[in-house]
Amino acid sequence: MDFDTIVIGGGHAGIEACLAPSRMGFKTLLITQNLDAIGRLSCNPAIGGLAKGNIVREIDALGGEMGHLIDNSMIQYRILNRRRGPAVQAPRAQADKYVYAALAKKTLELQSNLALFMDTVVDLIIDPDTKVVSGVITERGHRITAKTVVLTTGTFMEGRIFIGEYDAPCGRLGEVAAIGLGTALRKHGFEIGRMKTGTPARVKRSSIDFSKTEVQPGDDPMPFSFDIEEVNRPSVPCYITFTNDLTHQIIRDNIRKSPLYGGKIVGKGPRYCPSIEDKVVRFPDRERHQIFIEPEGIDTEEMYLNGLSSSLPEDVQNAFMRTLPGLENVEVLRPAYAVEYDYIDPLQLLPSLECIEYKGLFIAGQTNGTSGYEEAGCQGLMAGINAAQKIKGENPIILSRAESYTGVLIDDLVTKGTKEPYRMFTSRAEHRLNMRHDSCDQRLTPIGYSVGLQSAEKMEILKEKLAKIETVKELLSQNSYENKNALHALKMPEVTIEDLKEKIPELNNYSEAIRYHVQLDVKYEGYIAKEQREVKRFSNLENIKIPDDFDFGSVTGMSSEGIEKCKKIRPISVGQAGRISGLRSTDIAILMVHVKRWKSKE
């Protein structure tokens, strides 16, 4: 074999997918069409957000790179949902997209055990008898072998962009699509569909009248990575403007010029990030839509119009943009466009992200039908880890729905599938109080350490953090505040740990992050205890594992629909089987009995 692992694609999934095995000591190759496009923030130049910010911290806790990249490239930081509970609060940072991509490329170039190669993969090397994937074939005729392959093609596999009547084979504007691989995968029998996403225009900063917009300043920056104590980066504001009746009328008058409504695009678009023409059609009673004007970087004039993605012709785009306050004389640098691309039905994957039928092939990122850099990154990390685990002959690492958003995301994909770009929300997680962004290291750093992605030093730092948290709680229990025990007083909604500092000056000896963590632990202690009991019940079914060679067809008494779906999805536990759409509670009870009998025979 030429390599232990080959990773196809240099986007956010590909970055994590190639770093993980190389850091675990395996000889890894990243093949990408353009080395200068590694880590490119194709759409919104921001990392994090609701649930997404938690995912970034999960990636970091496991030993991934995304947290480091955003901490060293951010130009604005905000905590979203500050007025709501901690389970739905999340960090989000605007990135300097050029600094972010440069840091990503440099990180890969300097990584030991990792080689980079610029070419386009057009097919896989598959043994027709064993159905084992053992390498790739490139456009220039290279046959490169490996023990495992990770596929992370993003929007490039058979990608096509659309601007009005114009369309071209591209994964991004000005970047050629990966032609050939989608056709080859179809011939191999993969179930492949089409999805659509889009991006807004980029406009010139000096052509905007910011006096007619609302200023959106940032918060004091806090690091995403648990390795970094503070962020020392310049902070710049974003701005807010709104569409209006005239904007909407121009869009309605030209709606048939959109390939979305003219029938040229067949792929399903993202429900939670629709184009402006989708918003106008789907919400006809809305008088206006909020648009965020965000910088693409410190040293560029380009501004990003968040909320204004479109595939309408350029003259129509120019017309409706100039109806927005502050954009009356806007100069467009890059037009908005839609992109349609091939994705692989994730029901063809195991929870390890390995393909059920073709062994040694792992698939991650938008190729699985997800939307967003963060969703891609966590999949890439898990695919890379499990590719290495397979080479070692060890069990895959499968994160639970009760311990991470990453676990929720992957379980949703491989158990339920998706017909539209999947985006993570806090509401998708049943145990979200368990998955606060400030506690990701407690839950996941030991897992990263167990596979070799986190060092013994990081584990010692985590132990010190946990000790400090307990010390602060003990300090509170030994002091009073307004005639109450300080620990009990902190449970009151109106009392914060910052209020207690005046009475207990020793609290100043601990960092803001430690104090904040203690405050949340104390205030939500009852809710967390209740959730832990629910997690324990949840774990009972998850712990009933279904053997790899279990014959679902032999289960008598189970519905035919249940048998067929289990044969296709190959659930690895009774718990996962219970989340398959269409399975009844009686099916699960019968399955549980047969699994126990099967195990007793073995």
Side-chain angles (χ1 to χ4, degrees), residues 53-54 56-58 60-61 67-68 71 74 77-91 93 218-233 235 432-446 448-449 454-532:
N54 303 59
V56 179
R57 303 209 88 193
E58 290 176 3
D60 182 77
H68 296 147
D71 284 347
M74 72 169 67
Y77 176 89
R78 295 177 65 223
I79 288 284
L80 307 184
N81 272 358
R82 271 193 184 276
R83 296 181 181 178
R84 300 185 63 190
V88 293
Q89 292 179 5
D219 298 326
D220 291 337
M222 294 178 65
F224 280 83
S225 175
F226 293 96
D227 300 335
I228 299 173
E229 291 189 3
E230 63 177 352
V231 174
N232 294 305
R233 291 281 306 162
S235 182
R432 53 187 172 273
L433 259 184
N434 235 30
M435 301 189 296
R436 297 187 334 234
H437 67 83
D438 62 306
S439 64
C440 293
D441 55 341
Q442 293 173 229
R443 291 177 276 114
L444 301 177
T445 295
Y449 176 70
Q454 292 285 25
S455 65
E457 181 185 4
K458 297 287 176 59
M459 287 298 293
E460 282 302 314
I461 292 171
L462 175 58
K463 289 177 184 176
E464 289 173 12
K465 173 185 173 179
L466 296 177
K468 288 177 182 177
I469 289 170
E470 291 307 312
T471 301
V472 170
K473 289 179 181 178
E474 184 65 23
L475 187 62
L476 293 175
S477 70
Q478 294 172 356
N479 285 273
S480 61
Y481 178 78
E482 294 185 355
N483 299 320
K484 287 189 176 73
N485 179 279
L487 195 66
H488 294 151
L490 187 55
K491 293 182 180 181
M492 300 168 63
E494 67 274 15
V495 177
T496 70
I497 200 163
E498 298 304 303
D499 298 329
L500 303 181
K501 285 196 308 185
E502 292 183 16
K503 296 284 186 180
I504 314 172
E506 296 94 331
L507 289 173
N508 289 299
N509 297 332
Y510 299 90
S511 69
E512 182 183 357
I514 295 292
R515 296 196 302 267
Y516 177 75
H517 191 107
V518 169
Q519 174 172 290
L520 296 185
D521 275 358
V522 172
K523 285 189 178 295
Y524 293 90
E525 182 180 27
Y527 297 103
I528 292 169
K530 180 182 177 182
E531 190 160 278
Q532 290 289 2

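Everything numeric in this text was worked out from a predicted model, so none of it was measured. Side chains are part of it too, since the values below use all heavy atoms of this structure and drop only hydrogens, waters and symmetry mates.
Other residues, nucleotides and ligands place no more than 12 heavy atoms under 6.0 Å from the OH atom of Tyr449. In this structure, Lys473 places its NZ atom where more than 12 heavy-atom neighbours from other residues, nucleotides or ligands lie under 6.0 Å away. Lys503 NZ: 12 or fewer foreign heavy atoms inside a 6.0 Å radius.
Side chain of Arg57 to backbone of Phe224: a donor-acceptor contact under 3.5 angstrom is found. In this structure, the side chain of Arg515 does not engage the main chain of Glu498 through any donor-acceptor pair within 3.5 Å. Put simply, the side chain of Asp60 never gets that close to the backbone of Gly67: no donor and acceptor are under 3.5 Å apart. Looking at Asp441, its side chain never comes within 3.5 Å of a backbone N or O of Ala61 through a donor-acceptor pair. Formation of a donor-acceptor pair under 3.5 Å by the Ser511 side chain with backbone atoms of Ile514 is found in this model. Distance alone, capped at 3.5 Å, is enough to place a donor-acceptor pair between the Glu531 side chain and the Asn434 backbone. When atom types are taken as modelled, the side chain of Asp499 and the backbone of Thr496 share a donor-acceptor pair closer than 3.5 angstrom. The backbone N or O of Leu490 sits less than 3.5 Å from a side-chain atom of Lys523, completing a donor-acceptor pair.
For the atom pair CE (Met222) and CE (Met74), the distance works out to 10.0 Å, reported to the nearest 0.5 Å. Considering CG of Leu476 and CD of Gln519, their distance stands at 10.0 Å, rounded to 0.5 Å.
For Glu512, there are no salt bridge (charged side-chain N to carboxylate O under 4.0 Å, His left out) partners, not counting sequence neighbours.
A pairwise comparison of heavy atoms in Arg443 and Arg436 identifies NH2-O, 2.9 Å as the closest pair. Nearest heavy atoms, Lys465 versus Asp438: NZ-O, 3.1 Å.
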